[in-house]
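Take a look at the structure below.
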Amino acid sequence: MSETQKVSASDNKRKNTGGTTILFFLIGVAISLAVGWVIFPKLLYLKKSQPIDFSHAVHNEAVGDCDSCHFFREDGTFSGSPTLAQCIDCHEDVQGDTEAEQIFVEEYIAQNKEVPWLIYSKQPDCVFFSHAAHVKKAEMSCESCHGEIGTSETLPIYEENRITGYSRNIWGKNIAGIKKHTWDRMKMDDCGECHEEETGDKGSCFQCHK
Amino acid sequence: MKIDRRNFLSLGAGATAGLAFSPLPWKLMDDSSIWTQNWPWAPVPTDGEASYVDTVCSLCSGGCGITIRKIGDRVVKAEKKDSDNANSGICILGLSSPQLLYSPSRIKTPLKKVEDKWVKISVKQAVAEIAEKLKGLRKDKLSHTLACISGSSAGTVPALFERFLTAYGSPNFITVPSVKDIYKLVFSLTCGASCIPAFDIANSDFVVSFGTGLLDGWGNPAAAFKAHSILKDNKKQLIQIEPRLSNTAAKADKWLPIIPGTEGVLALGMANVIIGKQLYFNKNVLFDSVTEGFEEFKALVEKDYSLEAVSNITGIKQEDITALAEDFMKAQSPVALFGRGEGSTPGSLHEMMAVNFLNALAGNFNKTGGVYLLSEPDYINWTHPVLDDAAYYNINAKRLDGAGEGKYFLAKHLLNRLPEVVNSSKTSPINFLFVTDSNPFYTMADTKLVEEAFKKIPFIVSFSSYMDETASMADIILPNHFFLERYQDIVTTCGLKPAVGLSKPVVNPIFNTIHSGDAIISIAKALGGTIAESFPWDNYETCLQETLEAKKDVMDKELFWIDESGVSNAFADSSGKFEFINDKTRQTKPYIFVDAQGEKKKYPLTLIRFDSMRIASGYTANSPFMTKTVADTVIKENDIFIEINPKTAAEYNLAERSKALLTTPKGKAQVRVHLYEGIMPGIISMPSGLGHTGYDSYLTGKGININELIGQIEDPASGFDAAWGIRAVLARV
Amino acid sequence: MSKGSKHKVKKFGMVIDLDKCTGCGACMVACMSENNVPFKENESKKLDSITWMRVYKLENGKSFPEADICFLPRPCMHCEGDRGHAPCVSVCPAIATDYDHNTGIVSQIYTRCFGCRYCMAACPYHARYFNWRDPVWPEGMEKFLNPNVSPRMRGVVEKCSFCHHRYQLALDKAYAEGRDKIEEDEYQTACAHACPANAITFGDLNNKKHSVYRLKKNPNTFRLLERLGTNPKVYYHSSREWVRRAGDNYLKHEAAKA
Amino acid sequence: MDSALIPEGVKRCSLGRFSVWILALTAILLWGVIAMLLCWFKGLNQTNMNDAYGFALWIWADLAVIALGGGAFFTGFLKYIVGKDELKNIINYAVIIGVICYTSALLLLAIDVGQPLRSWFIFWHANVHSMLTEVAFCLSCYLVVLIIEFLPLLFENPKLDKKPFLRHLSHNMHEIMAVFAATGAFLSFFHQGSLGGVAGVLFGRPFAFREGVFIWPWTFFLFTWSAAACGPCFTILITRLTEKVTNKKLVKDNVVDLLAKISGWMLGTYIIAKIFDTWYWAAYTLPKQGFSLIDFYSNNPFYGIWILVAEIVICGIIPAAILISSGGRKNKRLFMTAIILAVIGVCINRWVMVLQTMAAPVMTFEGWFMYYPSWQEVATTILPVAYGAIFISFAYRYLPIFPQERELNPID
């Protein structure tokens, strides 16, 4: 908008206005998009470190299988994260030379304190997830839902949604809800999607709710 | 470039448009709704490994085998034990045990009353203080002024308390009476030996119940229910005789409303029909070889219990009486039940004996479907406590309640006499009182009198787990573990075969409480001398282990040890026969049935109590869940309802839900009115078990304790409380 | 339910013997204890008192001494309606309740429900309850909460689920043991299991081996409000004619269903 | 002070007087807002609803305001589709009343649900079988239509009218208003009907249940019909009320007369259908379920046969007869009586379909359930009335609602 151009005052005003209006509109859009896509997710999730840096890889090598630590109980329920009592079996004393193990033995084993593990895939209380139905009946592998966590050297940062208190892994890492793997997102629709594929039917409410 | 208002509007519009294309509003909308799934103020139960622990419920005397479901170290559910064992079952009270375990009215630590306020003290301190006081009493040669009120007389814990009193030098161990005491009396008087009856209801084909609350809490409720269901399956008859259409009456094949207090008359009237028509010949039992005193009995019923007289007294038609007597005798295996309601009051000895004569006439003793006469499990074989001179001298002092002597020669304990004895003395004859496993201040009739007596007693130690009415009157409370936290042997006599059950700790004690067995052992040890010597056990658990010996292994596995040996030692008396009338019974001046207290003119109505499974009226009080099941025609807000026949209500100008003032010779209470066609005109009824002043906000202040309105009537024959009601009057408010 | 395997549809239901029911209320407490049903200080306002299982007291309307009463436990009827269109299921605007064609159980999902209460208006049995307030467990009492049932929040509807979680747990056990099927006694509702009078029988109405299959065929068996077409799965048994008649509405001259 | 905002050629009261009036209304509004907040923050225990009354005063109010707001769609239908052009003189007001009624309905629903933060589930997790889903969708869509219908009027405010963009927008919108009116009529037909369906499909509730065609019970059609009949009556009632308050004639009699005549015929035909429906229900539907008509009008302290007579005869046949006869319409007193009775009639109908349905026992061993609302329920139900009055006050003051106002009230 050159000032040398001879245009009537009113025209000038209108043009100026039209241009800036659009410009401001676009700025507004840009700000919102930036806030929504970049800043908001950062604010929404509280990052938490696990109490101990646990290496699945090391343990997997030592015990050989997932179900050595994550096993089914006699009544068919799944034990989930190991309790201190299980860990003590091997870790009564420091075995290796890692700092993590030392912390574990000194702060937890010695004080008989359960480790407050943060569970990435913990479903809300209203969900009844049957490991038996998936692992025993449908013979699915752990990896098909949990991915490669079993071979990881270190534990990822746990992200807790500040509003809901749930793990970010449930709603999905990607804020847009895009997923590539089964374990990228664990919302109800994801359960339904797989159920529909495998059984031809999303299932009834009570199949997974309690 | 000038920035004006328009630019800002534009910026805002852009921002708004942009937001719609960002995840922010949508994610917030979703997250806010997810937030409502788990509001921070709503609890999320922690998950863990499930485990099941079997134990024996001791919330009532039934002693059912139950299974406790645990998650981690939490108790989440009580269930009936899946087993064919006759003793496994559960009732509404047993199902409440998780709530009772975690109840806010639990006493969390030993307490001492200092200037009318509770002060927390340690177990050690409590034991030391109690021992100190008791030492002083003994020094003053007043050891016999120690008394103990115990909820039960069976099992090791009551035995320890009784032993303590003996070793200390007091004869005043008193148990809370129930219909079982009368049962024992009836049979020891007529069959000659100490035995307890077991009514084989399930196998009977004709059950006549004289007001027995078979389905209202009598005996072991779970077992009684099972037996009733078997009756139904086999299409056998149940006849219920009582003035109110109780739950039992409602389930019965026939309900015969009777003027309350005349049940014994009916029984003797039936006996007259049976004898007159010689119906007993069919039964082939009434030979002189098996009974004594029959001719005398026959003469008595023929003289005083003609059909016409009985009909007039009981309000039951003559033909109904005849039919009932005939049907009873026609049946293969008839049985007559006695003891009113759930059996918390002993009742009139003569009434019970009268009904039991029907069993005798039917010759159903020790027969399938009849009455089994069994001996009580006898497994506590401790050496006699060591007595020093002080103890020896005082142990032979007269019992305060007078039981076992003079006109009370039949009774062993007479708790009902205690208030009168205490109140009539200038200073309390009891200086020190232990209250264990019972809540006498609440459960005894004539609350005012009881309160006066309790206030007069200088020092009371309560062993209650709950802040109940008696505990709140105590000076020191040494709270017992809840039954899910402790070992204890439970003698169950309500089943077919007497059994000893083992309550096992399911969880570690959650509060700073102490097992009453351990408490009494500690007190004994603190007193030293022969008293300590009398308690050689380190703690209660070793005592129990040593007492039960090999039985404990059986009980650990099976929960129950069943005394197969002691089936019956009945008829071990001198004659070896059933004695209708003998020297002992002649002493009790036959057949005076207890009437209600109060002038008929001033109090034209009769108030009776009714028992309900949904309201626990004994030592254990209602859980919040149980109170939740109580109908709004029983309790509304804090108002209690009395049941009244619409005809009677009309006479008093009372409508449904009207407020009325209920007056009895013993007290007054404001009540509401529930019109009920299932109650005899002229009779009003009120549930027992309400009107607590102790416990928590889920129970306190709801309704009225019927014991405040009913006085006790000493049964002339036995000395037990035989009151079944009281005369009353209503006035519209 | 893997593809191809012949899957027999189950239809869980109850037969309640009213001749045996003593009205003791054990089923109510068993249910409340099992299902984390909240309680409050005053529960005498019965229209604001959550009782998934409620025992009604029926009266025959006659005067003393012909008066008679009968107790009738009322869980959710798990109506099948017409092919799964239970009165409550089809009205729910947000699919917070559904009819499971594999089990015949009508669900209620507390986290989906937004509290419009249309289902309560639809249910003639008053089997549905609303959380008018936040549930509160006094300090310490939250310890007995069952982790297999999620506690409800205020503002949602809840009702009897036939203890569906017990079915889930039984299935889990079966799967872990390499079984597909569960036995009759492996899945029993809390009320049926607790009933001291054995008045409640629970099982698969489609399974000839289950007791309910036989019991429901007794001529003295009836269902509540059958004439409305709700097609409930809870059957009642009574030898008393007046009780059977009380199960449904009849015009004065009509005879009750045999 | 606000003269720039007041349309040309009309007279309005002083700003001071207006402020006092608005303040008074705001006080009532605030009372409602407090009750509303109580319900939101403390929960629905603030109401007297209970497990027998899942639906109560609010749902009645919802159904009633939507029926009364039906004047908007039906007047629009008559003007734009049928071509009754005179009605342009009242359509603006009908639309405004519609907007008020429908926003009120949504507000009440937002208070009524136990979990307001989840209320969007009705759209996201919609159950196609539920009448309530149909209601929610049609109601929201129709509210959008109503707002679109209202916007041009808003832009006619002298201040806004100066913006060329808005003026053009307003003009163009006017031109395509027929399309919106048609859409509105269509949507209204469905949601008015589905509201009838809400009660009519309850086959567990014999009092409400009606047979019907395909998926729609007869109440579906009866509700639409009654809304079309009584909605315009409400528009007329509010118009007359406004005239009374402003002390001005705002709409010519011929316009009102036309609308009233159509309403009369609608009401007349509706009431015939309603009588037929009641007869069929009593004679065929109920006996099949073991009930007789009198079961629903006896044994309780309130619901007697009088309510049926009141609904059908007093508030149905009588007003219909008055409105159909030109003599009846000419007589001012009779006319207003008829209009008021018609409005009451539809409210009674909605009341019984909700409240009496809840009250009547279905299981033989239950009794009638009686209910009275808590103050919080009453306050939140009055809230929309205050809000509506404020809305109308502002609209009347600043918008040229009544095209005939200038002509009828010339400024000297």
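Owing to the predicted nature of the structure, the values given are computational and were not obtained by experimental measurement.
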Going from CG on C:L171 to OG on A:S130, what distance comes out if it is rounded to the nearest 0.5 angstrom?
7.5 Å
Can you tell me if C:S150 uses its side chain to pair, donor with acceptor, with the backbone of A:K210 under 3.5 Å?
yes
Test side chain to side chain contact (heavy atoms under 4.5 Å, CB included), reference A:S204, set C:D100, C:N102, C:V106, output is C:D100
Do C:V149 and A:F128 come within less than 4.5 Å of each other through their side chains, counting heavy atoms only?
no
Counting neighbours of NZ on A:K173 that are heavy atoms of other residues, nucleotides or ligands and sit closer than 6.0 Å, is the number greater than 12?
yes
More than 12 heavy atoms of other groups within 6.0 Å of C:K40 NZ
yes
Take atom NZ of C:K209 as the centre, draw a 6.0 Å sphere, and report whether it contains more than 12 heavy atoms from other residues, nucleotides or ligands.
no
What do you reckon, is CD of A:E74 surrounded by more than 12 foreign heavy atoms closer than 6.0 Å?
no
More than 12 non-hydrogen atoms from neighbouring residues, nucleotides or ligands closer than 6.0 Å to CD on C:E183, yes or no?
no
Is A:F206 close to C:T103 at the side-chain level, that is, under 4.5 Å between some pair of heavy atoms?
no
Name the region of C:N148, side chain, backbone, both or neither, that has any atom closer than 4.5 Å to a heavy atom of chain A.
backbone
Within 6.0 Å of CG in A:D89, more than 12 heavy atoms from elsewhere:
yes
Let me know if C:P151 has heavy atoms under 4.5 Å from chain A in its side chain, its backbone, both or neither.
both
Would you say A:D75 and C:L169 make side-chain contact, with heavy atoms under 4.5 Å?
no
Drop me the distance from C:Y175's OH to A:H134's NE2, to the nearest 0.5 angstrom.
10.0 Å
May I ask you to decide if A:C205's main-chain N or O and C:D98's side chain share a donor-acceptor pair within less than 3.5 Å?
yes
Hey, what do you get for CD (C:Q168) to SG (A:C208), rounding to the nearest 0.5 Å?
8.0 Å
Would you indicate whether C:K216, at its atom NZ, is surrounded by more than 12 heavy atoms from other residues, nucleotides or ligands within a distance under 6.0 Å?
yes
Under a 4.5 Å cut-off applied to non-hydrogen side-chain atoms, are A:M188 and C:R112 in contact?
yes
A side-chain contact here means heavy atoms from C-beta on lying under 4.5 Å apart; do A:H209 and C:T111 qualify?
yes
Measure the NZ-CG distance between A:K136 and C:D180 for me, rounded to the nearest 0.5 Å.
14.0 Å
Is the number of heavy atoms from other residues, nucleotides or ligands under 6.0 Å of A:Q95 CD greater than 12?
yes
In terms of side-chain heavy atoms, does C:D172 have a donor or acceptor partner in A:T77 at a distance below 3.5 Å?
no
